[in-house]
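In what follows, chains carry the letters A, B, and so on, assigned in the order in which the sequence lines appear, proteins first and then strands, with residues in each chain numbered from 1.
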Amino acid sequence: SQKIEQNSEALNIQEGKTATLTCNYTNYSPAYLQWYRQDPGRGPVFLLLIRENEKEKRKERLKVTFDTTLKQSLFHITASQPADSATYLCALGERGGSYIPTFGRGTSLIVHP
Amino acid sequence: KAGVTQTPRYLIKTRGQQVTLSCSPISGHRSVSWYQQTPGQGLQFLFEYFSETQRNKGNFPGRFSGRQFSNSRSEMNVSTLELGDSALYLCASRTGTGNTEAFFGQGTRLTVV
């Protein structure tokens, strides 16, 4: 069956360190992968999109990698700040399917001052 | 540019009742998708409307329905409410022409008692 897996345990890190979140998938042929940020009681906010033929994307302190051989995407936040504390969701869109992506359940990131 | 507006923000309903939620997308966006988010299941896709037609549908029972008006505003209806329908209902606005980035509203928190 198809699965998108993100760590269910919260990631706790110290301010200034790099946070790395993982998104693994099974039985998907992805056309693209997206990362969203969600704060409590609010809707997700789009951060980055990476396509199947791209290895890495950067935006300010954010970096996403996409390894279709390992079936994994890594999401990095460098020089993390307490304001980065939130839940981060990955969403995967399949090749040849509807362009509506399927979301993982998200990983909570807590950055301690 | 105004964001995605969902009303109401909070609702409490009794089992067996029905409920209608509203979503106004970003001006110019023709695609509206609805999602249910619960702690146990994460963000699950309900359906997408584009130009007043349902274009994609998730795996939810027929009690969940929707519609879209000519101004792209959308409503979602849930009939015969069950306790398990308690969730955060999110709507997402897209341009609808292949751009996969989704802009989410703040959601409607539905509690069924």
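Residue E60(A) qualifies as open at atom CD: its count of foreign heavy atoms under 6.0 Å is 12 or below. The 12-atom threshold is not exceeded at NZ of K3(A), counting heavy atoms of other residues, nucleotides or ligands nearer than 6.0 Å. Other residues, nucleotides and ligands place no more than 12 heavy atoms under 6.0 Å from the CZ atom of R42(A). More than 12 heavy atoms of other residues, nucleotides or ligands shown are found within 6.0 angstrom of CG on N53(A). The number of heavy atoms from other shown groups lying within 6.0 Å of CD (Q14(A)) is above 12.
Interface residues of residues 7-17 of chain B toward chain A, defined by a heavy-atom distance below 4.5 Å and sorted by number: R9(B). Identified by a heavy-atom distance below 4.5 Å to chain A, the contributing residues of residues 83-90 of chain B are L88(B), L90(B), in residue-number order.
Rounded to the nearest 0.5 angstrom, R94(B) CZ and I100(A) CD1 are separated by 4.0 Å. Expressed to the nearest 0.5 Å, how far CZ of F104(B) lies from OH of Y36(A) amounts to 5.5 Å.
With a threshold of 4.5 angstrom between heavy atoms, Q6(B) does not approach chain A through any atom at all. Neither the backbone nor the side chain of F103(B) comes within contact range of chain A; no heavy atom of the residue lies under 4.5 Å from a heavy atom of that chain.
Y25(A) and L89(A) fall into different hydrophobic clusters, where Ile, Leu, Val, Met, Phe, Trp and Tyr side chains are chained together by heavy-atom contacts under 4.5 Å. No continuous path of ILVMFWY side-chain contacts below 4.5 Å connects V32(B) to F50(B), so the two sit in separate hydrophobic clusters. I4(A) and F45(B) fall into different hydrophobic clusters, where Ile, Leu, Val, Met, Phe, Trp and Tyr side chains are chained together by heavy-atom contacts under 4.5 Å. If you chain together hydrophobic residues whose side chains sit under 4.5 Å apart, F103(A) and L92(A) never meet in one group. Clustering ILVMFWY residues whenever any of their side-chain heavy atoms sit less than 4.5 angstrom apart, transitively, puts L43(B) in a cluster other than the one holding Y49(B).
Not a single donor-acceptor pair under 3.5 Å links the side chain of R105(A) to the backbone N or O of P39(B).
Interface remark: of the candidates Q37(B), Q44(B), R109(B), Q106(B), Q106(B) forms the most heavy-atom pairs closer than 4.5 Å to chain A.
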